[in-house]
Amino acid sequence: MKAFAAATAVAVTLVAAGAASAQDVRVAYGDLDLASPAGAQQFDRRVNRAVRTACQGGSLRETAQCAATLRAEIQSLLPSVRREEYTRARAIRQMAMIPVHYG
């Protein structure tokens with residue numbers, strides 16, 4: 001079971017505009033509990049690391065567009081159950097970060 005979990009990853013082939021070759025981007029998630037805010041946060045860190053590596057070298061606009069596209073693609077490739085868990089966990093985390101002012 002542990003070997004299967006460690007091997008579970010989202011794999012995306014990134015084709016940069018104007019680039020002559022494609023780049024494979026992999027983000028492991030099998031070892032994470034995406035239903036928990038901590039697991040979702042760790043997945044975000046891994047996605048951000050992959051995005052920084054894959055989307056460098058262009059203009060600011062190209063980099064931002066690459067990052068947004070890659071993040072959306074990675075999330076869309078999660079199995080639907082894991083994607084739903086991740087979405088709920090991120091919503092819980094974001095709600096916990098909203099400051100509450102009384103009075």
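Counting all heavy atoms, side chain and backbone alike, Ala89 lies closest to Ala40 at CB-CB, 3.9 Å. Scanning all heavy atoms of the two residues, the minimum distance from Cys55 to Leu70 falls at SG-CD2, 4.1 Å. When all heavy atoms are compared, the tightest approach of Ala54 to Cys66 is O-SG, 4.4 Å. Shortest non-hydrogen contact noted between Leu32 and Gly39 is CD1-O, 3.9 Å. Shortest non-hydrogen contact noted between Ala50 and Val25 is CB-CG1, 3.7 Å.
When the side-chain contact (heavy atoms from CB on, under 4.5 Å) test is applied to Ala35, the partners found at least two apart in sequence or on another chain are Asp33, Glu85. Residues that satisfy the side chain to side chain donor-acceptor pair (under 3.5 Å) test with Gln65, not counting sequence neighbours, are absent from this structure. Not counting sequence neighbours, Arg49 has no partner by the side chain to side chain donor-acceptor pair (under 3.5 Å) test.
Evaluation of the ring-ring contact (aromatic ring centres under 6.0 Å, His included) test over residues 48-68, restricted to residues two or more places apart or in two chains, returns none. Residue pairs meeting the ring-ring contact (aromatic ring centres under 6.0 Å, His included) criterion with at least one partner in residues 57-82, sequence neighbours excluded, do not occur; the list is empty. Among residues at least two apart or in separate chains, there is no ring-ring contact (aromatic ring centres under 6.0 Å, His included) pair with a member in residues 54-78. Sorted by first then second residue, the ring-ring contact (aromatic ring centres under 6.0 Å, His included) pairs that include residues 47-79, not counting sequence neighbours, number zero.
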Show your working on side-chain contact (heavy atoms from CB on, under 4.5 Å) between Asp44 and Arg90 and close with a plain yes or no. CA-CA 10 Å; Asp44 287 339; Arg90 287 203 61 204; 3.3 Å; yes
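Between Gln42 and Arg46, the closest side-chain pair of non-hydrogen atoms falls below 4.5 Å.
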Side-chain donor/acceptor pairs under 3.5 Å, residues 71-81, sequence neighbours excluded:
residue: Arg71; atom: NE; partner: Asn48; partner atom: OD1; Å: 3.2
residue: Arg71; atom: NH2; partner: Asn48; partner atom: OD1; Å: 2.8
residue: Gln75; atom: NE2; partner: Tyr86; partner atom: OH; Å: 3.3
residue: Ser76; atom: OG; partner: Ala72; partner atom: O; Å: 3.4
residue: Ser76; atom: OG; partner: Glu73; partner atom: O; Å: 2.9

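For Arg45, the CZ atom is densely surrounded, since the number of other residues' heavy atoms within 6.0 Å is greater than 12.
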